[in-house]
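Just so you know, ligand 1 is whichever comes first in the structure, and atom 1 is the first atom listed for that ligand. For clarity, every value in this text was computed on a predicted model and none was experimentally measured.
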Amino acid sequence: MERLVIEGGRRLAGSLRVHGSKNAALPILAAVTMADEETLIRDVPNLEDIHVMLDILRSVGAKVRYVDHQVYIDPTSIETTVIPDHLMSQMRSSIFLMGPLLARFGMVRISKPGGCSIGSRPIDFHLKGLEQLGAEVIDRHGYIECRANRLRGGAIFLDFPSVGATENLMMAACLAEGETVIGNAAREPEIRDLAAFLTTLGARISGAGDDTIVIEGVRRLHGGQFDVSPDRIVTGTLLIAGAVTGGHVVLTNVRPSDSTAVIMKLREAGVQISASRDILEVRESSELRAIDRVQTAPFPGFPTDLQAPLMALLSMAKGTSIVSETVFEDRFRHVPELLRMGASIKVDLRTAFVRGVKELSGAPVSATDLRAGAALVVAGDDIVARTKGRRARASPFSTVCYCTLWNIVDA
Ligand code: UD1
């Protein structure tokens with residue numbers, strides 16, 4: 001899908017079940033390579049990145065079947081631990097295979113991922129951590145090769161609570177000899193999900209979801225079955241889309257406690273949200289208001305993946321909002337696109353000053369990454385006019401947003 005044409009002005013209304021999380025599913029699929037029996041993962045979203053990961057698993061010899069959001073993987077036939085370049089280059093998340101393949105087979109070779117559209121995205125924490133577990137890491141000619149007869153547990157401290165590094169090292173440590181302690185670990189819900197899955201396979205992990213994770217290595221991981229948790233980023237994006245169109249949206253299969261920062265910020269902007277155990281509901285909001293300040297941060301802070309969609313909403317909120325991006329160094333590439341649609345935004349280094357305008361107008365725009373694309377879809381949806389402080393639908397013909405999606409990378 002290279003091009004989306006969005007005709008704005010429709011109020012979103014209805015109920016939707018949120019699917020399993022992409023960011024949780026990707027490391028879980030990589031972790032399956034450590035098991036020595038068939039494994040079933042359920043609620044795996046039907047997305048391009050997921051299929052690239054499944055192709056990578058097939059390319060190393062695993063038997064994989066994807067049927068209706070369920071993935072059966074038999075890793076017992078894996079015969080190589082060299083990831084083909086053409087698959088590696090399609091998806092950054094292939095680096096999740098480093099820890100598991102190294103731990104299980106003693107060697108892994110990948111082509112080195114480059115920077116991407118949200119920043120330079122180094123993998124130094126992953127490599128340093130693997131070295132601390134006893135791996136020899138050879139970084140030459142654009143390839144990274146890691147070797148170790150058997151990894152041994154150790155103490156790792158991350159300079160920043162990187163989600164991917166925490167996941168990679170937690171996976172590797174499961175089959176290492178002895179105890180591993182990961183300090184300053186990421187606390188994202190996807191870490192908890194991965195730890196719960198690994199535990200199902202027989203791993204011994206405590207502290208996942210806190211900033212110190214302790215893993216007691218085991219000799220083998222067996223098969224098992226697991227349900228991936230709902231996608232909190234999709235949840236947030238749909239809440240924002242519902243709010244922007246003045247709609248009434250009910251989301252089921254959600255975990256409100258994973259979206260606390262987003263719910264609080266949307267309420268601050270005047271959005272009416274109610275939450276129950278596994279349901280979130282956005283009701284027609286009156287006027288959207290600017291937010292004093294929102295700053296992205298590792299969980300439980302405001303997620304960087306929702307910064308662009310939130311900015312699309314704030315572009316139409318009354319007053320000036322301040323949005324700071326602290327996680328990635330180059331994650332404002334959606335700003336010029338929103339400007340093309342009539343937004344008023346000024347950027348100073350990692351802070352954007354967003355002055356709300358009455359409405360946006362359709363324009364041809366480009367999405368530089370997945371979440372920026374989501375922001376532009378959200379912006380394209382909004383053409384509601386505000387009369388006397390109430391939101392009313394404008395003519396469906398007044399705005400057509402041509403959103404050309406190209407060069408999209410996974411984040
Ligand atoms: C994951 C998510 C992504 C989300 C991000 C932050 C997946 C597939 N992707 O990406 O959607 O936006 O978490 O919540 O789960 N860093 C280093 N060295 C490293 C690793 C990271 O300097 O070795 C830096 C990064 O450049 C970035 C920061 O740490 O500035 C956070 O990155 P990280 O948490 O690792 O993000 P990802 O795991 O790549």
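Between the side chain of D231 and the backbone N or O of K22 there is at least one donor-acceptor pair closer than 3.5 Å. A donor-acceptor pair is defined here as one N or O able to donate and one able to accept, closer than 3.5 Å; no such pair exists between the side chain of E145 and the backbone of I138. Side-chain N or O atoms of T33 include none that pairs as donor or acceptor with a backbone N or O of P100 at under 3.5 Å.
Residue V327 has at least one N or O atom closer than 3.5 Å to an N or O atom of ligand 1. In terms of polar-atom proximity, E167 is not counted as a contact of ligand 1, lacking any N or O under 3.5 Å from an N or O of the ligand. At under 3.5 Å, not a single nitrogen or oxygen of S93, backbone or side chain, sits near a nitrogen or oxygen of ligand 1. By the 3.5 Å distance cut-off applied to N or O atoms, G164 is counted among the residues near ligand 1. Residue-to-ligand polar distances keep E329 apart from ligand 1: every N/O pair is separated by 3.5 Å or more.
By the criterion of a heavy-atom distance under 4.0 Å, the side chain of T304, and not its backbone, is placed next to ligand 1. Residue I118 does not touch ligand 1, judged by heavy-atom distances below 4.0 Å. Here D124 has heavy atoms under 4.0 Å from ligand 1 in both its backbone and its side chain. Neither the backbone nor the side chain of A165 comes within 4.0 Å of ligand 1, counting heavy atoms alone. Contact annotation: for R331 versus ligand 1, heavy atoms closer than 4.0 Å belong to the side chain alone. Using a 4.0 Å cut-off between heavy atoms, F125 contacts ligand 1 through both its backbone and its side chain.
Within the 4.0 Å heavy-atom cutoff, H126 counts among the residues contacting ligand 1. Using a 4.0 angstrom heavy-atom cutoff, A186 does not count as in contact with ligand 1.
Donor-acceptor pairing under 3.5 Å is lacking for the side chains of S21 and N23. Side chains of T304 and E325: a donor-acceptor N/O pair is present below 3.5 angstrom, by distance only. Looking only at atom types and distance, the side chain of R333 has no donor-acceptor partner in the side chain of S117 under 3.5 Å away.
Considering each of P122, P27, G301, the one bringing a non-hydrogen atom nearest atom 19 (C) of ligand 1 is P122.
Residue D305 approaches ligand 1 through these ligand atoms, each under 4.0 Å from one of its heavy atoms: 3 (C), 4 (C), 11 (O), 12 (O). With ligand atoms numbered from 1 in the order given, ligand 1 contributes 10 (O), 26 (O), 37 (P), 39 (O) to contacts under 4.0 Å with heavy atoms of R121.
R232 has a carboxylate O that lies under 4.0 Å from a charged side-chain N of E190, or vice versa, which qualifies the two as a salt bridge.
Pairs of residues two or more places apart, or lying in two chains, that qualify as side chain to side chain donor-acceptor pair (under 3.5 Å) and include a residue from residues 158-178 are H126-N168.
Smallest separation of non-hydrogen atoms from D43 and R17: OD2-NH2, 2.9 Å.
For the side chain to side chain donor-acceptor pair (under 3.5 Å) test, no residue two or more places apart in sequence or in another chain qualifies with N253.
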